[in-house]
Amino acid sequence: AAGGMGIVYRARQRSTDRIVALKVILSGAMATEEELRRFRIEATVAARLNHPNIVSVIEVGEDRGQLFFTMPFVSGPALRTRIMNGPLPFAEAVDIVRQVAQGVEYAHGQGVIHRDLKPNNILIDADGHPLITDFGLAKQVDLEHSLTATGQILGTPGYMAPEQASGAS
């Protein structure tokens, strides 16, 4: 899968002989210093989060100048795909929203605001549990830096909070 800044591959981690998701910078060797900085911050922020409804980071590293991080491989679809196949049963939809809210609440408790929460950034695992992923636009409120400049409007417009769309967050 590919997003605005990164590309994610299904890979085998040799040291543990397990399948993982491997994220690298989309622009590869052509990455700017700003892209490298944002990628490092995303990996650091995501690695701090340990919750059953958030995709965790296993390893952060660099190989031949290419930054990467690995996460557990989630075999299920994105919530967007599930929704596109028709409405979810009411009880299932409520359970998904409850679990996502618990993950978001945990992240907020750790000082992390996702800022691009949408159905494409919620994966459904083999057991039907939602997992929040892609903290590329996250804001770390207890640190001096964040992934975006103040007043910069980033995210997916259809899913933005009004204060985010206005540049107030």
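Numbering starts at 1 and runs along the sequence shown.
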Practice problem: Using salt bridge (Lys or Arg N to Asp or Glu O under 4.0 Å) as the criterion, list what pairs up with R80, not counting sequence neighbours. | Solution: none

Quiz item: Would you say Y106's side chain and L49's backbone share a donor-acceptor pair under 3.5 angstrom?
Solution: no

Quiz item: Does the side chain of V60 come within less than 4.5 Å of T44's, by heavy atoms?
Solution: no

Quiz item: Does NZ or CZ of R18 fall inside the cone over F73's six-membered ring, less than 6.0 Å from its centre and within 45° of the axis?
Solution: no

Practice problem: Would you name the heavy atoms of V112 and R48 that are closest together and state the gap between them? | Solution: CG2-NH1, 4.5 Å

Quiz item: Got a second to check how far R82's CZ is from I124's CD1, nearest 0.5 Å?
Solution: 6.0 Å

Quiz item: For the residue pair P130 and I96, what are the closest heavy atoms and their distance?
Solution: CG-O, 3.8 Å

Quiz item: What's the spacing between T16 OG1 and I58 CD1 if we round to 0.5 Å?
Solution: 7.0 Å

Exercise. Spell out, yes or no, whether I83 and V97 are grouped together once hydrophobic residues are joined by side-chain heavy atoms under 4.5 Å, including indirect joins.
Key: no

Quiz item: Is there a donor-acceptor contact under 3.5 Å from the side chain of T70 to the main chain of E59?
Solution: yes

Quiz item: Would you say the side chain of I122 lies within less than 4.5 Å of the side chain of T133, judging by non-hydrogen atoms?
Solution: no

Quiz prompt | Other residues, nucleotides, ligands: >12 heavy atoms within 6.0 Å of N85 CG | solution = yes

Quiz item: Would a hydrophobic clustering, with Ile, Leu, Val, Met, Phe, Trp and Tyr connected at side-chain separations under 4.5 Å, put V57 with L22?
Solution: no

Self-check item: Test ring pair (Phe, Tyr, Trp, His ring centres under 6.0 Å) applied to F39 and F69, step by step
Solution: CA-CA 9 Å; F39 191 83; F69 62 92; 5.2 Å; yes

Self-check item: R37 bridged to E34 by N-O distance under 4.0 Å
Solution: yes

Self-check item: Donor-acceptor contact below 3.5 Å, side chain H114 vs main chain H108
Solution: no

Quiz item: So, for A21 and V8, which heavy atoms are closest and what is the spacing to 0.1 Å?
Solution: CB-CG1, 3.8 Å

Quiz prompt | Heavy-atom check, side chain of I113 versus side chain of V141, under 4.5 Å | solution = yes

Quiz item: Okay, side chain of E35, backbone of T32: is any donor-acceptor separation there less than 3.5 Å?
Solution: yes

Quiz prompt | CG-OG1 distance between L123 and T81, expressed to the nearest 0.5 angstrom | solution = 9.5 Å

Quiz item: Does the side chain of K23 come within less than 4.5 Å of I7's, by heavy atoms?
Solution: no

Exercise. Verify the neighbour count for atom CD of E62: are there more than 12 heavy atoms of other residues, nucleotides or ligands below 6.0 Å?
Key: yes

Quiz item: Distance from H129 atom NE2 to D95 atom CG, nearest 0.5 Å?
Solution: 8.0 Å

Practice problem: May I ask whether V24 and M71 are part of the same hydrophobic cluster, defined by side-chain heavy atoms of I, L, V, M, F, W, Y residues being less than 4.5 angstrom apart, directly or through others? | Solution: no

Quiz item: Does any N or O in the side chain of D134 come within less than 3.5 Å of the main-chain N or O of N121, such that one atom is a donor and the other an acceptor?
Solution: no

Practice problem: Could you tell me whether a side-chain N or O of D125 sits under 3.5 Å from a main-chain N or O of L131, the two making a donor and an acceptor? | Solution: no

Quiz item: So, do V20 and P72 sit near enough that their side-chain heavy atoms are less than 4.5 Å apart?
Solution: no

Quiz item: Do I25 and F68 touch side chain to side chain, with heavy atoms closer than 4.5 Å?
Solution: no

Quiz prompt | side-chain contact (heavy atoms from CB on, under 4.5 Å) assessment of V55 paired with F135 | solution = CA-CA 10 Å; V55 177; F135 285 80; over 6 Å; no

Practice problem: Kindly say whether Q110 contributes a backbone atom to a donor-acceptor pair with the side chain of Q140 at under 3.5 angstrom? | Solution: yes

Quiz item: Side chains of L79 and L88: closer than 4.5 Å at any heavy-atom pair?
Solution: yes

Quiz item: When rounded to the nearest 0.5 angstrom, what is the spacing between CD in Q66 and CG in L36?
Solution: 9.0 Å

Quiz prompt | Rounded distance [0.5 Å steps], NZ in K118 versus CD1 in I132 | solution = 14.0 Å

Quiz item: Looking only at atom types and distance, does a side-chain atom of D17 sit under 3.5 Å from a main-chain N or O of Q13, one as donor and one as acceptor?
Solution: no

